[in-house]
J.: 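Pasting in a structure now, in structure tokens, and then I'll have a few things to ask.
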Amino acid sequence: MADETIYQYLQREGVSRRQFLKICGALAVTLGISEASPLLAAGLTRPTSPTRLVAEALASKPRVPVMWLNFQDCTGCTEALTRSLSPTLTDLVLNKITIDYHETLSAASGVQADENKRMMMETYAGQYLLVVEGSVPTGANGNYCTIGGRTAVDLLQEAAAGAAAVIATGNCAAFGGIPMAQPNPTGAVPAYQLITDKPVAHIPGCPAIPEAFTGTLVNFLVFGKLPELDDLNRPITFYGTTVHDRCLRRPFYEAGKFANSFDDEGARKGWCLYKLGCKGPTTYNACAGIKWGGGLSFPIQSGHPCLGCSEPNFWDNGGFYQGQSAPIGRPTLTAAGVALAAGAVIGVANAGVNRLQKRHADTDEETTESLSG
Ligand code: FSX
Ligand code: SF4
Ligand code: F3S
């Protein structure tokens, strides 16, 4: 039923109108839609609520099927997604609305799985969204990664030819990741180097933050296009600010209080990890706001410096845990000033992230207190 709208599809799945509106409200939060923001982007000029905006879109747009291909990776991106902050929403978006073919999660295998994929490519030619996880090896004529006797290069290019757009999730698919690290024995390349005629959104991270992926997917479902991207093709909603901008250790950075080893007094007191090689100041990602494990924590909160996992060449980029001298020309913002500055930069686009963060504010406060103890 290629022409069926998302709402019709959900009705067929037994979802009531009331449940549908609840789903639309949850999707609006994921998208970070506020009362005022993307109405114009959606082509609407009259005021409408975020829930209604999403509801109107899902009631008028055809369902977007998703094909998910795995190449050179650790499957951490899929793993993270299946354990995301919003299991109900993720289940809904991935299992009920979108994913028609996922190599790792597929119940079918072998010839049957191949046949499912072929049918999907034929039925939804030019309409489906292709998700790529993992880098693609080009060495040895592509033979370092073959599935069903065909190379990853071949499979990727075939699937991309019929796709409406592509999401490369995880650092491996977006920038080459660990497989492409020196000496790059398999000649790994990121997906975009082999797909030149389709829009490709990057959701880097090792692994990608599940909510950043789901939010990008939902944007495509609701607005029929990829969200606004930065110069590395990352959605600005999730990659518009650095980890440092929202870091809970930032007041210690401003105060010049740094841990010098992993077990000194500064580390125990939760001081800034800059001198232990933290790359938060140059790393654009949403983990300091959304966090992991249901908003429980993220690397820096757990005592580990940021490794820059959402940036290109992060594995080779200057090494890990390299001592850095105290930052020079540090802006002398107060903690309140930091909060204001971060808020101004993040703005409307990050409303969803802010709401998620607010939901976990109590946990944050407790953790900050214990870190400062
Ligand atoms: Fe790469 Fe995704 Fe790192 Fe793993 O598969 S981004 S190795 S966490 O999970 O691609
Ligand atoms: Fe910035 Fe890293 Fe220090 Fe946090 S721990 S304030 S991200 S340098
Ligand atoms: Fe990655 Fe740094 Fe966040 S290592 S998960 S971008 S704290």
Side-chain angles (χ1 to χ4, degrees), residues 68-83 102-104 131-136 145 152 167-181 188 190-191 202-213 234 238-239 241-259 262 266-267 269-293 297-312 314-315 317 320-321 324-327 330-331 333 335 338 342 368 371:
W68 186 305
L69 300 181
N70 275 87
F71 298 125
Q72 284 192 136
D73 60 64
C74 77
T75 321
C77 301
T78 292
E79 289 282 344
L81 201 61
T82 57
R83 289 155 178 72
H102 189 305
E103 260 160 16
T104 310
V131 177
V132 184
E133 179 178 356
S135 66
V136 189
C145 178
I167 298 179
T169 192
N171 197 301
C172 301
F175 301 139
I178 296 170
M180 205 179 89
H202 290 156
I203 317 293
C206 192
I209 295 176
E211 288 74 21
F213 172 79
R234 302 174 293 196
F238 299 104
Y239 296 90
T241 56
T242 64
V243 173
H244 185 65
D245 285 333
R246 313 197 77 191
C247 181
L248 79 174
R249 295 181 191 247
R250 179 71 179 269
F252 296 115
Y253 175 96
E254 301 301 336
K257 290 181 181 292
F258 301 97
F262 283 102
K269 287 186 169 173
W271 291 356
C272 172
L273 303 173
Y274 185 82
K275 290 189 182 176
L276 295 173
C278 182
K279 294 180 177 170
T282 52
T283 300
Y284 287 81
N285 204 351
C287 40
I290 296 177
K291 305 187 182 178
W292 296 83
S297 189
F298 74 114
I300 292 170
Q301 188 171 335
S302 303
H304 195 282
C306 172
L307 298 180
C309 79
S310 56
E311 295 295 326
F314 85 102
W315 203 258
N317 204 5
F320 298 148
Y321 314 116
Q324 306 176 96
S325 54
R330 220 172 47 235
L333 288 175
V338 171
T368 308
L371 279 172

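Side chains are part of it too, since the values below use all heavy atoms of this structure and drop only hydrogens, waters and symmetry mates. For ligands, and for the atoms within them, numbers begin at 1 and follow the listed sequence.
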J.: Tell me whether the centres of the aromatic rings in Tyr321 and His304 are closer together than 6.0 Å.
T.: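 Centroid separation for Tyr321 and His304: below 6.0 Å.
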
J.: Please step through side-chain hydrogen bond (donor to acceptor under 3.5 Å, both in side chains) for the pair Thr283 and Ser310, ending with a clear verdict.
T.: CA-CA 7 Å; Thr283 300; Ser310 56; 5.4 Å; no

J.: Considering the heavy atoms of Thr283, write down every atom of ligand 3 situated less than 4.0 Å from one of them.
T.: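 The atoms of ligand 3 under 4.0 Å from a heavy atom of Thr283 are 6 (S).
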
J.: Return the closest protein heavy atom for atom 5 (S) of ligand 2 as residue, atom name and distance.
T.: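 Here the nearest protein heavy atom works out to Leu273 N, 3.4 Å.
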
J.: Report, in ascending order of atom number, the atoms of ligand 1 lying under 4.0 Å from any heavy atom of Gly205.
T.: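 Selected atoms, number and element: 6 (S).
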
J.: What residue and atom, counting heavy atoms only, is the protein's closest point to atom 2 (Fe) of ligand 1, and at what distance?
T.: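 Protein heavy atom with the smallest distance to atom 2 (Fe) of ligand 1: Cys77 SG, 2.4 Å.
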
J.: For Pro204, is there any backbone N or O sitting under 3.5 Å from a side-chain donor or acceptor partner on Tyr239?
T.: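 Yes: the side chain of Tyr239 pairs with the backbone of Pro204.
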
J.: Tell me the protein heavy atom at minimum distance from atom 5 (O) of ligand 1, and give that distance in Å.
T.: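 Nearest neighbour among protein heavy atoms for atom 5 (O) of ligand 1, to 0.1 Å: Glu133 OE2, 2.6 Å.
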
J.: Please state which protein non-hydrogen atom is closest to atom 7 (S) of ligand 1 and give its distance, to 0.1 Å?
T.: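 So the nearest neighbour among protein heavy atoms is Cys172 SG, 3.4 Å.
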
J.: Taking only heavy atoms of Cys278 into account, list the atoms of ligand 2 that are under 4.0 Å away from them.
T.: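 Every atom of ligand 2 under 4.0 Å from some heavy atom of Cys278: 2 (Fe), 5 (S), 7 (S), 8 (S).
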
J.: For ligand 1, is Ala80 a contact, meaning one of its heavy atoms is under 4.0 Å away?
T.: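 Judged by the 4.0 Å heavy-atom criterion, Ala80 does not count as contacting ligand 1.
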
J.: If I take atom NZ from residue Lys279 and atom CG from residue Leu273, how far apart are they, to the nearest 0.5 angstrom?
T.: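 Here the interatomic distance stands at 14.0 Å.
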
J.: Quick one: which of Cys306, Gly308, Cys309 has a heavy atom closest to atom 1 (Fe) of ligand 3?
T.: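 That would be Cys309.
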
J.: Should Ile178 be counted as touching ligand 1, given the test is an N or O pair under 3.5 Å?
T.: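 In this structure, Ile178 places no N or O atom under 3.5 Å from an N or O of ligand 1.
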
J.: Do we see a donor-acceptor contact under 3.5 Å between the side chains of Thr78 and Glu133?
T.: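 On atom types as modelled, these side chains qualify, holding a pair under 3.5 Å.
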
J.: Is a side-chain donor or acceptor of Arg249 paired with a backbone partner of Ile300 at a separation under 3.5 angstrom?
T.: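 At least one qualifying donor-acceptor pair exists.
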
J.: Donor-acceptor check, side chain of Asn285 to backbone of Cys309, threshold 3.5 angstrom: yes or no?
T.: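 Answer holds: no.
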
J.: Do Phe298 and Leu248 touch side chain to side chain, with heavy atoms closer than 4.5 Å?
T.: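 Yes - at least one pair of side-chain heavy atoms lies under 4.5 Å apart.
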
J.: For Cys287, which part has a heavy atom under 4.0 Å from ligand 3: side chain, backbone, both, or neither?
T.: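 The answer is the side chain.
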
J.: Starting from atom 3 (Fe) of ligand 1, which protein heavy atom do you reach first, and at what distance in Å?
T.: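 Going by distance alone, atom 3 (Fe) of ligand 1 is nearest to Cys206 SG, 2.2 Å.
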
J.: Take Cys287 and Val243, measure what side-chain contact (heavy atoms from CB on, under 4.5 Å) needs, and give me the verdict at the end.
T.: CA-CA 7 Å; Cys287 40; Val243 173; 3.8 Å; yes

J.: Need the ligand 2 atom indices (1-based, order shown) with element for anything under 4.0 Å from a heavy-atom of His244.
T.: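 Listed by number with element, the hits are 1 (Fe), 6 (S), 7 (S), 8 (S).
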
J.: Check whether any N or O atom of Asn171, backbone or side chain, sits under 3.5 Å from an N or O atom of ligand 1, and answer yes or no.
T.: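 Between Asn171 and ligand 1, no N or O pair is found under 3.5 Å apart.
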
J.: Starting from atom 4 (S) of ligand 3, locate the nearest protein heavy atom and write down its residue, its atom name and how far away it is, to 0.1 Å.
T.: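 That would be Leu307 N, 3.2 Å.
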
J.: Within the 4.0 Å heavy-atom shell around Arg250, which atoms of ligand 2 are there?
T.: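 Checking each atom against Arg250, I get 6 (S).
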
J.: Would you mind listing which atoms of ligand 1 come within a distance below 4.0 Å of any non-hydrogen atom of Thr75?
T.: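 Those atoms are 5 (O), 9 (O).
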
J.: For Gln72 and Gly134, indicate whether the former's side chain and the latter's backbone hold a donor-acceptor pair under 3.5 Å.
T.: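 No; judged by distance alone, with no hydrogens or angles, the pair does not exist.
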
J.: Taking the ring centre of each residue, are Trp68 and Phe213 less than 6.0 Å apart?
T.: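 Yes, they do, as the ring centres are separated by less than 6.0 Å.
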
J.: Please write down residue, atom name and distance for the protein heavy atom closest to atom 4 (Fe) of ligand 1.
T.: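 Scanning the protein heavy atoms, the shortest distance from atom 4 (Fe) of ligand 1 goes to Cys74 SG, 2.3 Å.
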
J.: Regarding atom 8 (S) of ligand 2: of the candidates Cys272, Gly280, Gly270, which has the closest heavy atom?
T.: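 Selected option, by shortest heavy-atom distance: Cys272.
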
J.: Is the distance between atom 4 (Fe) of ligand 2 and the nearest N/O/S atom of Cys247 smaller than 2.8 Å?
T.: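 Yes, Cys247 qualifies, because one of its backbone or side-chain N, O or S atoms lies under 2.8 Å.
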
J.: Any idea which atoms of ligand 1 are less than 4.0 Å away from a heavy-atom of Pro207?
T.: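 Selected atoms, number and element: 8 (S).
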
J.: Could you tell me if the ring centre of His244 sits under 6.0 Å from that of Tyr253?
T.: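 Under 6.0 Å, so yes.
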
J.: Is there a side-chain contact between Cys206 and Ile178, using heavy atoms and a 4.5 Å cut-off?
T.: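 Side chain of Cys206 against side chain of Ile178, heavy atoms only: contact under 4.5 Å found.
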
